[in-house]
Amino acid sequence: MQIEGAILDIDYLLDKERGLIRVTFKGGDGKAYELFDGGFWPYFYLLPNAEMDADELMRLLSGVDASAKEVKAVKKRVGGVESTLYKVVVSSPLEVPKLSSRATRYGMCYEYDIPFAKRYAIDNDIVPLSSYVAEVEERDGRLFIKSMKRSNGNAVNFNILWFDIEVYNPLGVPRAGKDPVIMISYSYKSGGRSGASVLTYKSIAKDFVHSVKNEKELFSEFISKVKELDIDIISGYNTANFDIKYMLERAQLLGISFNLSRFEGDTKLEKHGLVERVKIAGRVHVDMYNVVKFISIVGATENILRFNNKTLKSVYEAISGNKKTTVEKTDIFKLWDGGRKELEELAEYNLSDSLALQKVYDTFSPITIELARETGDVLSDVAVSTTGQLVDYLLMRHAAMAGEIVPNKPDDNEMRKRERNPIEGAYVKTPEPGIYDNLVVFDFRGLYPSIIISYNIDPATVCKDCADYYESPLGVKFNKERGGIMPRILKEFARKRISIKQQYKKNPDDVYLGARSQALKILSNSFYGYLGYARSRWYSRDCAGSVTAYGRQYIKDAMAAAEQNGFGVLYGDTDSTILLLGNKDKDAALAFLKGFNSKLPENMELELEDFYRRGVFVGKKMEGGGGAKKKYALISESGRIKIKGFELVRRDWSKIARDTQRRVLEIILQEGNAEKAAAVVKSVIKELREGKVKLSELAISTQLRKGIGNYDVKSPELAAAKKAVERGQKRRDEVEHAVISYVVTKRGSSISDKAELEEFADSYDADYYINHQVIPATMRILKELNFDEDELKGLGTQKKL
DNA sequence: AAATGACGGGG
DNA sequence: GTGTACGTCATTT
């Protein structure tokens, strides 16, 4: 039997002690198929220390917990050197770590940590989300793959569901042990159909609301919908860390199963460092929060998204230009307990989150999908990957195709060594702080990728004695005669981008063309970071250091040329420079650009980023030699605001600190008036000194994330909670794992001693709020404008800007 | 100076 | 899960 369609996901089952590859295949007929490949086995390589034959190694490796299924000699290049290795094949992926650690006695092991499903995709050159024809046969009630070939079939339409839950939260933070899920909204596209609905168990007179009996039914109805709509991709916002996690906990408490899977397997959470992820057998979970955080900070939305918090609301507003209705999160339980109007408001809010999410998905998923197609990684992994991990995977694929052994990840010692020796970063010219009019910004297009291509920079091309080479400003030689994976991939990407741009001109409505170009840009720009990333398999100090060294040379040249042409050079960082037009006009700036570019190598180009009406410049003083921070705010002629490097304080700061910081930033951006901003800070400090500020403005909210007895260090929030429990003002369970709102009072010596729960505080420590809250929050911005603390506190005189 | 713990997103 | 995971900041020890 033949099926035409696309691969949605690849994983494996442990089937009778062996790993069995499973492919979730979406047919062009709209049906999803669970396909297996019984002919693929896990393996790793061993480069032996001493001569031994394959049979001997097989015998040496056999043990009670794991044994080799097969050992055979293969020829591969290890670090560019032709070598004979043993390929040790096993039955189960679980045997690989066991056998490879045993095998280290006999030599160096390689490729022992490549996940089985990825190994399968790499070795079979399978690219998910592209068209394939699968030849399959049925055995034991399962469909087995006989062959799988690329085809030119039509794009497959996936069935997608976007969802969001609401939770009853009388104490602020919902507690899965107590607080029920009260509503689930979803919208979907499935087959030719689309729709949106809210599920809940109170009766609400809205046509999009569907009522069920209780929370258990809410869950089962949601699961039924996912199954009935035959969903391929389930998307949410922070759903891995919240919605799905919460539903799994609730389901366990309610004694029901919560499994959204399509095929054999669970719905479960996995934690990978910072990122939590959801696995649903046969479907893909795409958490748009992770996508926004890791990948999609590109293009026109870059500044807006960097500047704002990455809440669903702010991301939606940034990309749509529309305002999103919202409710205070802490009011949700009140709306649920309220009357008809309140319930309707809650349902509408719940629905609006799913619809906003759909918009975010439509904006960013094309880039994610193109990243999957370009790297060959599955969507479920791309959606939770950093760009470094994508480059890692891309290089593994290319290395395997070229018969090159994939270098191992560094061990802890090596990693620490790398971290201790940072690579000299980019050139930064710190600007004279101030406010300037009429600016122009020039950027080198893809400076680092261009450098890697132009000078053939790659760990494998570094040479000591070679005849024909490029010598970087660091004195590192790169062999011109040898090819490297990185320049080769980057060249190919550059070529693809040019061809995509031509197609895009003819089909400007094809979002996937634009997305593909963006994806290639994201990947290209990540190679340099990967070369210098401590966990990198292809780490190279020589390469990364040479890239930045060349980069410094180029940007300095551009700045010097601009100065010679009579422009004021205000600022330069890495690959961009900001010039003062002075008495010159735009045409003069463009003429300079043209002249400068005519002298650059072929694939290098300095581009116009934009002209700006005004810029507020803040000079970040460089600490140490490392990468300096970019800090400035620009207003374009069209009113577009571009902000770099300002960090806002987080939620565990007092309201007065956050509000004052926001006001300072607004005044500086909108009015360009630093004096006025400083005056606001001074007046807030004055009010604090005079004791006029309400305690609610001063409360600091921090969650106690552990049990009260499990702390080693007495933090202010812990101290405040403990005191309240000891005095009998609070029960232990009321403060444990809860968000603690405390005020720093006058009584006590350390901050912890002074901390009291907001409701029991009767004074505040003005010095603390001035020196530890308002001043640090606002000085993040104002110190860059050469204000100092004493001056804000009214103790000194103002420095000149 | 080193260790500890929280945030981020979500409700 | 072919495991061992982010970067930064404030406060305590």
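Each chain gets a letter, A, B and so on, in the order its sequence line appears, and its residues count up from 1. Side-chain atoms are counted along with the backbone in the values below, which use heavy atoms only and exclude waters and symmetry mates.
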Sugar-phosphate, base or nothing in reach of A:Asp411, heavy atoms under 4.0 Å: nothing

Distance, rounded to the nearest Å, where A:Asp113 contributes CG and C:dG3 contributes P: 5 Å

Touch class at under 4.0 angstrom, heavy-atom based, for A:Tyr349 against every strand present: sugar-phosphate

B:dG9 versus C:dC9 - spacing of their P atoms, nearest Å: 15 Å

Distance in angstrom units between A:Glu328 CD and B:dG10 C1', rounded: 15 Å

Touch class at under 4.0 angstrom, heavy-atom based, for A:Val167 against every strand present: sugar-phosphate

Distance below 4.0 Å between A:Arg650 side-chain N/O and C:dT8 OP1 or OP2: no

Salt bridge present between A:Asp411 and A:Lys417 (N-O < 4.0 angstrom): no

Salt bridge (charged side-chain N to carboxylate O under 4.0 Å, His left out) partners of A:Asp243, counting only residues at least two apart: none

Interatomic distance, A:Asn413 CG vs C:dT4 P [rounded to whole Å]: 17 Å

Between C:dA5 (P) and A:Asn290 (CG): distance, integer Å: 18 Å

Stacked cation flag A:Lys87 on A:Tyr43, 6.0 angstrom / 45 deg: yes

Spacing of A:Glu95 atom CD relative to C:dG3 atom C1', expressed in whole Å: 17 Å

Touch class at under 4.0 angstrom, heavy-atom based, for A:Pro174 against every strand present: base

Base of B:dG10 paired with side chain of A:Asp243 (donor-acceptor, under 3.5 Å): no

Atom CZ of A:Arg747 with >12 non-hydrogen neighbours under 6.0 angstrom: no

Sugar-phosphate, base or nothing in reach of A:Tyr112, heavy atoms under 4.0 Å: base

Touch class at under 4.0 angstrom, heavy-atom based, for A:Asp164 against every strand present: sugar-phosphate

Nearest-nucleotide pick for A:Arg535, side chain only, options being B:dG10, C:dC6, B:dC7: C:dC6

Could you list the protein-to-nucleotides 10-13 of chain C atom pairs, N/O on both sides, closer than 3.5 Å?
unit_1 : atom_1 : unit_2   : atom_2 : d
C:dA10 : OP1    : A:Arg780 : NH2    : 3.2
C:dT11 : OP1    : A:Tyr768 : OH     : 3.0
C:dT11 : OP2    : A:His772 : ND1    : 3.1
C:dT12 : OP1    : A:Ser752 : N      : 3.0
C:dT12 : OP1    : A:Ser752 : OG     : 2.8
C:dT13 : OP1    : A:Lys714 : N      : 3.3

Between A:Ser185 and A:Asn350, a side-chain donor and acceptor under 3.5 Å: yes

Sugar-phosphate, base or nothing in reach of A:Tyr237, heavy atoms under 4.0 Å: sugar-phosphate

Closest to side chain of A:Lys310, choosing from C:dG3, B:dG9, B:dA6: B:dG9

Protein-nucleotide distance (A:Met247, atom CE; B:dG10, atom P), rounded to Å: 15 Å

From B:dA6, B:dG10, C:dG1, nucleotide with atom closest to A:Lys329 side chain: B:dG10

Between A:Thr386 and A:Gln389: side-chain donor-acceptor atoms closer than 3.5 Å: yes

Contact under 4.0 Å: A:Arg651 side-chain N or O vs B:dC7 OP1/OP2: yes

Electrostatic pair A:Glu328:A:Lys334 at N-O distance under 4.0 angstrom: no

Electrostatic pair A:Asp65:A:Arg102 at N-O distance under 4.0 angstrom: yes

Whole-Å distance separating the CZ atom of A:Arg119 from the C1' atom of C:dG3: 18 Å

Below 4.0 Å: OP1/OP2 of B:dG10 and any side-chain N or O of A:Lys245: no

Under 4.0 angstrom between A:Tyr711 side-chain N/O and B:dA3 OP1 or OP2: no

Contact under 4.0 Å: A:His272 side-chain N or O vs C:dG1 OP1/OP2: yes

Length of the CG-C1' vector between A:Asp287 and B:dG9, whole Å: 8 Å

Sugar-phosphate, base or nothing in reach of A:Leu99, heavy atoms under 4.0 Å: nothing

Set of side chain to side chain contact (heavy atoms under 4.5 Å, CB included) partners for A:Asp712, sequence neighbours left out: none

